[in-house]
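Worksheet: one structure, shown below.
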Amino acid sequence: MAKLKLLLLSFLFYTIFPCFFHCTLSLINPQDMESEDINMVQTQRDSSKKCDFSEGKWVFDQSYPLYDSNCPYLTTAVTCQKNGRPDSDYEKWKWKPNGCYIPRFDALGFLGKMRRKRIMLVGDSIMRNQWESLVCLVQGVIPTDRKRVTYNGPLMAFHAMDFETSIEFFWAPLLVELKKESNKKRILHLDLIEDNARYWRGVDILVFDSAHWWTHSGQTSSWDYYMEGNSIITNMNPMVAYQKGLRTWARWVDLNLNPRKTRVIFRSMSPRHNRQNGWKCYKQRQPLQFFSHLHVPEPLVVLQGVIKRMRFPVYLQDITTMTALRRDGHPSVYSKAMNEERQKAGTGLSSDCSHWCLPGVPDIWNEMLSVLL
């Protein structure tokens, strides 16, 4: 009798159970799922380990852009379509990483994640560019009387009142303190940051950038002297100064923020296409497909080194290489209203190859940001 029971159990295990297992799997047959969806699940668990967002390619997508240049929160300098730019393909490119998938931006989903939270973007005019993009991505799903913008010195904030959410921008292009002395000389204090950092306390998500202003020299420089402690320094290698400034920022983050309460992301530098006296991006209509040789900018190397030495877990959002392919995305001469006569004359024109048309490239940075959060 015992042998009979054993034979019956063996029959059930080797026949019915495999069938059950196979049939269950067939209900979620991987062939019925997009491989991108599978990778996305992995990416959500630990995006920094499962996927390198910086490696991939730009793919044309007719379903973009996600808003138009009539968004009321855009500054004139980035509304290239309204300013007369004749082409619009630059609005329709989506970034596809090699090992995972970045989903289309979901405004309600993002606001749901940000409910009762503050997110603050801290940095220069390129970060302002990204802030305008993020506000335009979400504002369309919010009734007019349930959204507003407030200003407090260097801080501006978009409020989604029903979500008790604020999307904020804080102007601090160098992160550390730049002060004007009584003699009108501008001093960059490499070891002082509290005047700026006091605005960052209590924020749930902080997104930083700082690089461009550190590379300015001569007449474009924003300071006359450096200062460290009580020492005034007239000349310093810009990357040494950048490293000192970043270390001051890193020290403040390590000492003042709690990783259980605050997420910190540092977006890498947005590349400029300013060669040929700022006209390298003029009349560009397509992204580059690849680089003949890959050059890692020195500010990115410095930034990576500083973040690696921090105790606080900072996520480095590396957009430098992917964005370097997008020389077509800058305003160029279309940072101001441009009629045909002025275009033909070609005199008195300047070309902006640093900032980005909106809709455009920063929307993709924000799609990536949404995944990281």
Would a hydrophobic clustering, with Ile, Leu, Val, Met, Phe, Trp and Tyr connected at side-chain separations under 4.5 Å, put [X] with [Y]?
X      : Y      : answer
Val240 : Val302 : yes
Ile265 : Met269 : no
Met161 : Val149 : no

So do [Y] and [X] actually touch side chain to side chain, heavy atoms under 4.5 Å?
X      : Y      : answer
His355 : Ser335 : no
Leu372 : Phe53  : yes
Pro297 : Pro271 : no
Gln62  : Lys92  : yes
Glu132 : Cys71  : no
Thr76  : Asn83  : yes
Arg148 : Thr150 : yes
Trp365 : Val207 : no

**Item:** Partner of Pro287 by side chain to side chain contact (heavy atoms under 4.5 Å, CB included), out of Trp93, Phe60, Tyr90
**Value:** Trp93
Nearest-0.5 Å distance that lies between atom [atom1] in [X] and atom [atom2] in [Y]:
X      : Y      : atom1 : atom2 : result
Leu316 : Arg267 : CG    : CZ    : 11.0 Å
Ser210 : Leu303 : OG    : CG    : 9.0 Å
Glu55  : Asn98  : CD    : CG    : 6.0 Å
Phe208 : Met120 : CZ    : CE    : 8.5 Å
Leu134 : Leu358 : CG    : CG    : 11.0 Å
Ile193 : Trp200 : CD1   : CH2   : 4.0 Å

Shortest non-hydrogen contact between [X] and [Y], atoms and distance:
X      : Y      : result
Tyr242 : Ala211 : OH-CB, 4.0 Å
Ala241 : Leu190 : O-CD2, 3.8 Å
Leu175 : Asn196 : O-ND2, 2.8 Å
Met227 : Ile187 : CB-CG2, 3.4 Å
Met236 : Tyr226 : CB-CE1, 3.6 Å
Ile126 : His212 : CG1-CD2, 3.8 Å

Determine the interplanar angle of the [X] and [Y] rings, folded into 0 to 90°, and report it as parallel if under 30°, tilted if 30 to 60°, perpendicular if over 60°.
X      : Y      : answer
Tyr199 : Phe170 : tilted
Trp214 : Trp223 : tilted
Tyr73  : Phe158 : perpendicular

**Message:** Under a 4.0 Å threshold between the charged nitrogen and the carboxylate oxygen, would Asp328 count as salt-bridged to Arg285?
**Reply:** no
**Request:** Compute both the distance and the angle, then confirm whether Arg104 meets the cation-pi test with Tyr64: under 6.0 Å from the six-membered ring centre, within 45 degrees of the axis.
**Result:** yes
**Request:** Can you establish whether the number of heavy atoms outside Asn183 located under 6.0 Å from its atom CG is more than 12?
**Result:** yes
**Message:** I'd like to know whether NZ of Lys185 has more than 12 heavy-atom contacts from other residues, nucleotides or ligands below 6.0 angstrom.
**Reply:** no
Do [X] and [Y] have side-chain N/O donor and acceptor atoms under 3.5 Å apart?
X      : Y      : value
Gln81  : Ser88  : no
Ser63  : Lys94  : no
Glu194 : Trp252 : yes
Gln130 : Asn366 : yes
Ser270 : Trp356 : yes

**Message:** Test salt bridge (Lys or Arg N to Asp or Glu O under 4.0 Å) on Arg186 and Asp224; report intermediate values, then the result.
**Reply:** CA-CA 5 Å; Arg186 302 161 301 170; Asp224 299 299; 3.3 Å; yes
